[in-house]
Amino acid sequence: MRSIILVIVYILVCILSIPFHLILLIVRPINERAAAAFSQKVVWLAFRLCMLISGCKRQIVGREKIPTDTPVMYAANHRSFYDIILMYTVVPTQTLFVAKIELKKFVCIAQWMFFLNCQFMDRGNIKQNLDTILKTIEYAKKGYSVYISPEGTRNATDELLEFHEGSMKIATKAGIPVVPVVFTGTEDILEKHLPWVHRGTIRVEFGDPIYPDELDKEDKKHLGAYVRDRVQKIYDDAIKG
């Protein structure tokens with residue numbers, strides 16, 4: 001029943017979004033940040049509704065560790081589509097997501113991602129991915145926080161995949177801290193029961209920010225591995241209870 005209701009709500013949101021998209025197409029060239037800020041509020045509301053219908057209870061740990069006086073790069077493990085839904089209901093500042101290019105195929109979602117200034121990665125297209133990283137660095141320099149899943153794909157095992165070192169350039173070139181993010185339980189809502197949605201408790205934990213310029217030369221050189229180790233430790237501690 002939850003899955004059916006979510007599909008109906010998705011269709012309704014797509015219809016109701018049309019006039020907003022038309023307005024934002026006019027506003028965005030004049031004030032890009034205002035368009036993004038409004039879009040994030042709409043997405044927050046839609047995702048909170050999605051979580052309510054899904055029967056999701058949130059556990060948020062360490063949110064106070066997120067710096068609010070500077071943009072940050074969130075580096076998260078990726079277990080489920082619900083990672084994104086949960087994250088957008090939690091982030092305290094304007095945030096764009098770096099996502100796989102396949103999401104452009106989803107009607108309505110792709111349009112809201114455009115207004116949020118989200119960037120897209122095309123696995124296997126090195127040139128396009130480099131352009132994406134460079135654009136994301138520019139947005140970070142403008143004051144946008146950035147969310148990325150450095151594993152590059154969903155992974156619901158207890159062992160994280162390697163973090164792509166290239167994604168760390170966003171933090172080092174923009175001069176912003178990296179905030180480790182750990183999700184647990186998100187795959188229990190959807191992926192384990194496809195196509196049905198099940199209620200449950202999902203958890204996100206934020207670690208202490210990592211300032212690349214404060215690391216020693218070796219750790220800064222292999223920042224992806226360093227951040228992965230931090231995320232893995234937080235995850236291991238979380239599942240131990």
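In this text, all values refer to a predicted model and were calculated from it rather than measured experimentally. No hydrogens, no waters, no symmetry mates; every other heavy atom, side chains included, goes into these values.
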**Prompt:** What residues form a side-chain hydrogen bond (donor to acceptor under 3.5 Å, both in side chains) with Y144, not counting sequence neighbours?
**Reply:** N117

**Request:** May I ask you to test the L96-T136 pair for a side-chain heavy-atom distance under 4.5 Å?
**Result:** yes

**Message:** On the six-membered ring of F114, is R28 placed so that its NZ or CZ lies under 6.0 angstrom from the centre and within 45° of the ring axis?
**Reply:** yes

**Asked** Would D83 and R79 pass as an ion pair if we require N to O under 4.0 Å?
**Response** no

**Request:** State whether K240 and D236 are salt-bridged, where the test is any N-O pair (Lys NZ or Arg NE/NH1/NH2 against Asp/Glu carboxylate O) under 4.0 Å.
**Result:** no

**Prompt:** Same cluster for I85 and V91 if Ile/Leu/Val/Met/Phe/Trp/Tyr side chains link at under 4.5 Å?
**Reply:** yes

**Fill in**
Residue pairs meeting ring-ring contact (aromatic ring centres under 6.0 Å, His included), one or both in residues 151-194, sequence neighbours left out, come to H193-H198

**Asked** Hey, mind stepping through R58 and T89 against side-chain hydrogen bond (donor to acceptor under 3.5 Å, both in side chains) and telling me if it holds?
**Response** CA-CA 10 Å; R58 302 184 305 165; T89 66; 3.2 Å; yes

**Message:** Whether the Y139 and Q94 side chains hold a donor-acceptor pair (N or O, under 3.5 Å, no angle test) is what I'd like checked.
**Reply:** no

**Asked** For the ring pair Y88 and F97, is the centre-to-centre distance below 6.0 Å?
**Response** yes

**Asked** Do the side chain of R230 and the main chain of D208 share a donor and acceptor less than 3.5 angstrom apart?
**Response** yes

**Asked** Which pairs, with at least one residue in residues 19-38 and sequence neighbours excluded, count as a ring-ring contact (aromatic ring centres under 6.0 Å, His included)?
**Response** F20-F38, H21-W112, H21-F115

**Request:** State, without any angle test, whether Q119 and T132 hold a side-chain donor-acceptor pair at a distance under 3.5 Å.
**Result:** no

**Nearest heavy atoms of N77 and E151, plus distance in Å** = CA-OE1, 3.4 Å

